[in-house]
Chemist: 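Here it is, the structure in full.
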Amino acid sequence: MSNLKYNRILLKLSGEALAGNLSKGIDSNTVKSIIESVCDLHDLGAEIAIVVGGGNFWRGVQNNDIERVTSDHIGMLATCMNALYVSDMIEKHGKKTRVLGAIEMKEIMEPFIRRRAVRHLEKGRIVIFAAGTGNPYFSTDSGAALRAAEIDADIIFKATNVDGVFDKDPNKFSDAKLYRNVTHEEILQKNLKVMDATAAALCRDNDIDIAVFNLSDPHNIVKLAQGKDVNATLVNS
Ligand code: GTP
């Protein structure tokens, strides 16, 4: 019998989170420590799905040289590289994984099929969702919201490099105030920088809670799932 507060968790990892202190690419030690916590959480009985971003390889929206759609396609491919890397690292820790992509690349990963994703989770596999929503103009946060709704996740754990949601940028303002609890509506109305508006609206409309937390201590993943008091922000209705 699990003593977790949340049993089916969707963890959103940005590409930057995988880069650690490097400005680009993947920092193996950073990923290792994240994966260790993911595996600890799995040992406690959680069903875990991960949505990975791709910003460590490609930041589509900042590139004006090519069409936005092409840029977004490259971004989706970047998430696939991260998904494969994370999957292999988790398997090295002795856990079974399945990578499911929103665009078809059947030689490399399974296509996303909702019922299969749920079956993999029920069988104890850690599922990694690649390629966002499979559409340009949508962020991987929207991908996380969409997949969380589809697999009926109890919550999204959104990893960031700060403690949670602040009233202003904590990296610029020393008096920035951390919200411990905000509503989806407040996120949208106050334009709080948690996720883009499309993703936030999807979470609001489908009543998906979000815990925004600091990944610099990866143990936060386990503590949050256990319902322990973590300096983080809970977003709900
Ligand atoms: P169960 O049906 O629950 O046993 O799931 P399973 O994933 O073990 O079954 P399956 O026989 O479908 O998959 C066996 C292996 O093939 C797994 O590692 C899958 O990730 C992989 N696999 C399944 N479909 C695809 C695909 O379309 N492309 C790629 N590249 N791998 C696939």
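Just follow the structure's listing: the first ligand is 1, and inside any ligand the first atom is 1. Values below: all heavy atoms of this structure, side chains included; hydrogens, waters and symmetry mates excluded.
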Chemist: For Y137, does its backbone N or O pair with a side-chain atom of D72 as donor and acceptor, under 3.5 Å?
Modeler: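 Indeed, once roles are kept as given, a pair shorter than 3.5 Å links the two residues.
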
Chemist: When you measure from the centre of the six-membered ring of F166, is the NZ or CZ of K168 closer than 6.0 Å and no more than 45° off the axis?
Modeler: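 Output no; distance or angle outside limits.
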
Chemist: Show the atom names and distances, to 0.1 Å, of all donor-acceptor pairs under 3.5 Å that link a side chain in residues 4-21 to residues at least two apart or in another chain.
Modeler:
| unit_1 | atom_1 | unit_2 | atom_2 | d |
| --- | --- | --- | --- | --- |
| N7 | OD1 | S2 | OG | 3.0 |
| R8 | NE | E47 | OE1 | 2.6 |
| R8 | NH1 | I151 | O | 2.8 |
| R8 | NH2 | E47 | OE1 | 2.8 |
| K12 | NZ | T140 | OG1 | 3.3 |
| K12 | NZ | D141 | OD1 | 2.8 |
| S14 | OG | A17 | N | 3.1 |
| E16 | OE2 | R59 | NH1 | 2.4 |

Chemist: Are R114 and D152 within salt-bridge range, i.e. N to O under 4.0 Å?
Modeler: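 Salt bridge: no.
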
Chemist: Report all protein residues having a heavy-atom distance below 4.0 Å to some atom of ligand 1; order the list by chain, then number.
Modeler: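 Correct list: R98, K106, E107, I108, M109, E110, P111, R116, R119, H120, K123, R125.
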
Chemist: Under 3.5 Å, is there a donor-acceptor pair between the side chain of T79 and the main chain of G53?
Modeler: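 No, T79 side chain to G53 backbone: no donor-acceptor pair under 3.5 Å.
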
Chemist: Within the distance-only criterion (no hydrogens, no angle test), does the side chain of N206 pair as donor or acceptor with the backbone N or O of I208 below 3.5 angstrom?
Modeler: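 No, N206 side chain to I208 backbone: no donor-acceptor pair under 3.5 Å.
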
